Amino acid sequence: MVLPLSPDELLTTTRTVRRRLDLSRPVPLELVRECLEIALQAPSGSNRQTWQWLVVTDPGQRSRIGAVYRKAADAYLASSGAAGKLFADDPGRSAVQRRVGDSVAHLGEHMGDAPVLVIPCLTVGRAGRLGDGNQAGLWGSVLPAAWSYMLAARARGLGTAWTTLHLNHEDEVAGILGLPPNVRQAALIPTAYYTGDTFRAAPRQPLDEVLHLDRW
């Protein structure tokens, strides 16, 4: 069943879900496939469609990937750039950041428990080198599709989280998954039904603080 969300509601309430993933409820593979079919309609540079998608449901595989993610999350949380440590001199924003940091820690402990892990990938040169130059054009051929997947999941009552911390150990995860050298990972997206009723728009900076017209 697709939720009766307007386009604006869908776009403003598709949140990163960490604490509210229902880790005990199975997600039908057919529902994930439905979301991926929608994702494949995203733009792709020169229509090359160089994306590949790994859907991980095996408990052993999820546990191994979860262990790598936990290692990466622990290192991130200990760093000065961790979400919970940002904007410490701004009482309003620091409170929000601390909650984000707590949710990151929670997901770090439970990534391997999510019923489905989706890993969007990009096929690159034979040696797996990304090359110099226009990285935006390269990753722009898979990241919009990954976001479309998350939007489609939200519309079907599923929660997702965009994560990339595991890429600090990309080779280790590639070994777990048996990826060939010319396939590079773009993200790790836990997918589950969410607990609670719904989501709302998040507080953001006012548009006029980040908008530039014609020049900086």
Side-chain angles (χ1 to χ4, degrees), residues 1-44 47-69 103 106-107 109-123 139-167 173-180 183-200:
M1 184 181 72
V2 178
L3 300 175
L5 299 170
S6 71
D8 285 0
E9 288 173 322
L10 178 63
L11 290 166
T12 57
T13 64
T14 300
R15 306 255 61 88
T16 292
V17 187
R18 300 185 185 97
R19 287 186 175 276
R20 291 176 54 187
L21 295 173
D22 189 341
L23 305 177
S24 63
R25 184 179 176 186
V27 174
L29 181 58
E30 192 55 42
L31 191 57
V32 176
R33 289 178 58 91
E34 190 174 310
C35 296
L36 289 173
E37 289 282 4
I38 292 171
L40 296 187
Q41 293 297 316
S44 172
N47 196 33
R48 287 191 175 93
Q49 302 178 54
T50 52
W51 47 48
Q52 298 288 328
W53 303 83
L54 276 86
V55 177
V56 184
T57 60
D58 176 78
Q61 290 287 81
R62 288 187 286 117
S63 179
R64 294 177 68 188
I65 294 170
V68 176
Y69 186 83
S103 70
H106 178 82
L107 184 59
E109 290 295 320
H110 295 285
M111 176 65 80
D113 299 324
V116 176
L117 301 178
V118 173
I119 303 176
C121 296
L122 187 68
T123 304
W139 292 107
S141 290
V142 65
L143 300 188
W147 178 235
S148 289
Y149 167 78
M150 295 171 71
L151 291 170
R154 163 75 178 117
R156 286 156 178 78
L158 297 173
T160 59
W162 180 278
T163 75
T164 56
L165 290 178
H166 81 291
L167 294 176
V173 175
I176 294 170
L177 297 170
L179 295 182
V183 174
R184 301 295 300 270
Q185 301 160 61
L188 170 60
I189 306 174
T191 303
Y193 288 101
Y194 58 80
T195 61
D197 294 328
T198 189
F199 298 93
R200 59 190 177 192

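Keep in mind that what you see is a predicted model, and the values were worked out from it rather than measured.
Atom CD1 in Ile189 sits 10.0 Å away from atom CG in Leu117 (nearest 0.5 Å). The OG1 atom of Thr164 sits 9.5 Å away from the CG atom of Leu188 when rounded to the nearest 0.5 Å. For the atom pair CD1 of Ile119 and CH2 of Trp53, the computed distance is 11.5 Å after rounding to the nearest 0.5 Å. Once rounded to the nearest 0.5 Å, the distance linking CG of Leu23 with CE of Met111 reads 10.5 Å. One finds the CG atom of Leu158 at 11.0 Å from the OG1 atom of Thr14 (value rounded to the nearest 0.5 Å). Of the inter-residue distances, the one linking Leu107 atom CG with Thr163 atom OG1 reads 6.5 Å to the nearest 0.5 angstrom.
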- Do Glu37 and Glu34 pass the side chain to side chain contact (heavy atoms under 4.5 Å, CB included) test, and can you show the C-alpha distance, the side-chain angles, and the key distance before you say yes or no? CA-CA 5 Å; Glu37 289 282 4; Glu34 190 174 310; 5.8 Å; no
- Just do the side chain to side chain contact (heavy atoms under 4.5 Å, CB included) check on His110 and Leu21 with the steps written out, would you? CA-CA 10 Å; His110 295 285; Leu21 295 173; over 6 Å; no
- Task: Please lay out, stage by stage, how Leu54 and Leu179 fare under the test side chain to side chain contact (heavy atoms under 4.5 Å, CB included).
- Result: CA-CA 10 Å; Leu54 276 86; Leu179 295 182; 3.7 Å; yes
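Of all non-hydrogen atoms in Gly159 and Val17, the two that sit nearest each other are CA-CG2, 3.9 Å. Closest approach of Ala42 and Trp51 over heavy atoms only: O-CH2, 3.5 Å. For the pair Pro144 and Gly140, the tightest heavy-atom approach, listed with the atom from each and the gap, is CD-O, 3.1 Å. A pairwise comparison of heavy atoms in Ala39 and Ser148 identifies CA-CB, 3.9 Å as the closest pair. Looking at every heavy atom in both residues, Pro190 comes nearest to Ala161 through CD-O, 3.2 Å. Nearest heavy atom pair, residue Val118 against residue Val116, reads CG2-CG1, 3.9 Å.
A cation-pi contact links Arg20 to Phe199, judged by a cut-off of 6.0 Å to the six-membered ring centre and 45° from its axis.
Using modelled atom types and a 3.5 Å distance limit, the side chains of Tyr149 and Thr160 yield no donor-acceptor pair.
Arg156 is listed as a side-chain neighbour of Cys35, based on a closest heavy-atom distance under 4.5 Å. Side-chain contact check for Glu9 versus Thr198: every heavy-atom pair is 4.5 Å or farther apart.
The salt bridge (charged side-chain N to carboxylate O under 4.0 Å, His left out) analysis of residues 185-197, with sequence neighbours excluded, yields no pairs.
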Show me the donor-acceptor pairs within less than 3.5 Å that the side chains of residues 59-69 make with the rest of the protein, sequence neighbours left out.
residue: Gln61; atom: NE2; partner: Ile176; partner atom: O; Å: 3.1
residue: Arg62; atom: NE; partner: Thr57; partner atom: O; Å: 2.9
residue: Arg62; atom: NH1; partner: Gly112; partner atom: O; Å: 3.3
residue: Arg62; atom: NH1; partner: Ala114; partner atom: O; Å: 2.8

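Other residues, nucleotides and ligands contribute over 12 non-hydrogen atoms within 6.0 Å of the CD atom of Gln49.
When each of Val142, Leu143, Leu36 is checked for a side-chain contact (heavy atoms from CB on, under 4.5 Å) with Pro120, only Val142 meets the rule.
Tyr193 pairs by the ring-ring contact (aromatic ring centres under 6.0 Å, His included) definition with nothing, not counting sequence neighbours.
Here the side chain of Arg18 pairs no donor or acceptor atom with the backbone of His106 at under 3.5 angstrom.
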